[in-house]
Protein chains: 2
Amino acid sequence: MRDGITMQATETRQKRGADWLAGAGLRPTRQRVALAALLIGDGKDRHVTAESLYAASCDSGEKVSLATVYNTLRAFCEAGLMREITVDGSKSYFDTNTSNHPHFFWEDDAHLTDAPAEELKIAQLPQAPEGAEIAKVDVVIRLRPARG
Amino acid sequence: MRDGITMQATETRQKRGADWLAGAGLRPTRQRVALAALLIGDGKDRHVTAESLYAASCDSGEKVSLATVYNTLRAFCEAGLMREITVDGSKSYFDTNTSNHPHFFWEDDAHLTDAPAEELKIAQLPQAPEGAEIAKVDVVIRLRPARG
DNA sequence: TTAAGTGCAAATTATTTGCAGTAAG
DNA sequence: CTTACTGCAAATAATTTGCACTTAA
């Protein structure tokens with residue numbers, strides 16, 4: 001073990017992943033535990049696409065098919081463990097932080113990060129039209145490299 | 001002419017469409033004028049998908065291929081005549097209202113409408129991280145049918 | 001044992017593109 | 001005339017699905 005703080009034993013990360021699954025009543029299969037470990041193993045929030053998570057799992061040496069990555073991300077969302085974020089028409093992003101919060105979308109390399117929720121203050125929101133109610137408000141702050 | 005107010009002559013609508021194109025320096029081909037007439041012919045803002053606009057053009061009797069609808073919507077966006085809105089991972093929406101304003105997304109039938117910009121008051125926005133600047137802030141208010 | 005999960009390859013959906021023909025300036 | 005536009009059909013890209021096989025409970 002080269003680094004006691006940042007490099008956790010794989011077993012620890014997998015334990016956390018398994019617990020996370022158990023909390024949602026999901027069957028802890030080898031591939032789900034592996035993906036869960038990659039997603040929340042170090043306790044940090046993460047934003048992934050199916051492709052990026054698939055790449056990460058390949059890198060980590062775990063063998064999980066791309067179809068399973070897709071199915072698993074869907075299952076995690078349905079179980080309330082993750083949230084799907086819509087920012088770019090072409091692909092779907094998934095966030096391990098399920099609280100309601102704004103996002104930064106970096107237009108130059110199309111990646112997503114959390115924006116500090118406490119810095120966003122909405123003083124007034126348009127009211128929902130008759131017969132409808134607000135399900136969710138999505139705020140995406142698109143960023144580009146600063147000029148100069 | 002059955003209705004002098006709501007039913008405008010096709011020529012009038014097409015004239016408007018042609019002017020709109022001319023204002024952006026786009027060549028007024030038959031298909032562009034037809035699509036433009038459908039989009040802004042009556043002066044109202046409109047939200048379309050490539051498919052919905054294609055369907056509308058078929059209904060109106062104009063013959064425009066789906067590929068051309070896609071290419072034309074892109075061209076209109078590049079020319080600044082329309083704005084692309086990202087709300088649903090699966091398809092792209094296009095808005096004839098190019099001002100910065102929030103949207104209502106009706107989850108039950110996946111359609112989009114404008115939300116009143118004056119009713120949205122953002123008191124504070126997260127500041128852009130070092131080296132980045134805010135290009136745009138997208139606000140999408142997701143609606144579901146009110147319970148009951 | 002048995003219902004749920006997995007992996008592959010084929011299917012779908014939204015969108016783009018190559019290219020030959022058509023039309024606008 | 002000359003370059004941009006159009007339409008078709010084929011190509012892509014992201015994602016889903018059918019189905020035989022595996023595995024957790």
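So that the names make sense, note that chain A is the first sequence line, chain B the second, and so on, each numbered from 1.
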Minimum-distance nucleotide (side-chain atoms of B/L66 versus C/dG7, C/dT15, D/dT6): C/dT15

Scan A/T113, A/N97, A/D95 and name whichever one has a side-chain hydrogen bond (donor to acceptor under 3.5 Å, both in side chains) with A/H103. A/D95

Verdict with supporting geometry, A/K91 and A/E51, salt bridge (Lys or Arg N to Asp or Glu O under 4.0 Å): CA-CA 9 Å; A/K91 31 176 154 267; A/E51 283 289 351; over 6 Å; no

For A/L73 and D/dT17, give me the distance from atom CG to atom P, rounded to whole Å. 15 Å

Would you say D/dT15 has OP1 or OP2 under 4.0 Å from some side-chain N or O of A/S92? yes

Of the candidates D/dA25, C/dC8, C/dT6, the side chain of A/R27 sits closest to D/dA25

How long is the line joining CD of A/E51 and P of D/dT15, in whole Å? 8 Å

Would you say A/Y70 places a side-chain N or O within less than 4.0 Å of OP1 or OP2 belonging to D/dT15? yes

Looking at A/R74, I'd like to know whether one of its side-chain N or O atoms comes within less than 4.0 Å of OP1 or OP2 on D/dT16. yes

Let me know, please, whether B/T49 or A/V69 comes out on the 5' side of the other along DNA chain C by nearest nucleotide. A/V69

Residue of the set A/L125, A/V139, A/L120 for which side chain to side chain contact (heavy atoms under 4.5 Å, CB included) holds with B/I122: A/L120

Nearest-angstrom distance from the residue atom CG of B/D88 to P of D/dT15: 12 Å

Looking at C/dG7, I'd like to know if its phosphate oxygens (OP1 or OP2) sit under 4.0 Å from a side-chain N or O belonging to A/T68. yes

Would A/R142 and B/D138 pass as an ion pair if we require N to O under 4.0 Å? yes

Give the nucleotide from the list D/dC5, C/dC8, D/dT16 with an atom nearest to the side chain of B/R32. D/dC5

Rounding to an integer number of Å, can you tell me how far B/K63 NZ sits from C/dT22 P? 12 Å

For B/L21 and D/dT6, give me the distance from atom CG to atom P, rounded to whole Å. 10 Å

Closest to the side chain of B/T72, out of D/dT6, D/dG7, C/dC8, is D/dT6

Between C/dT6 (P) and A/E62 (CD): distance, integer Å: 12 Å

Could you tell me how far apart B/E78 (CD) and D/dA4 (C1') are, to the nearest whole angstrom? 14 Å

I want to verify a distance call: between C/dT15, D/dC5, C/dT6, whose nearest atom is closest to the B/T29 side chain? D/dC5

DNA chain C: B/P28 or B/N71, which has the more 5' nearest nucleotide? B/N71

Report the distance from atom CG of A/L26 to atom C1' of C/dG5, rounded to the nearest whole Å. 11 Å

Residue-phosphate contact under 4.0 Å: B/Q31 side-chain N/O, D/dG7 OP1/OP2: yes

Pair B/E107 + A/K136: basic N to acidic O under 4.0 Å: no

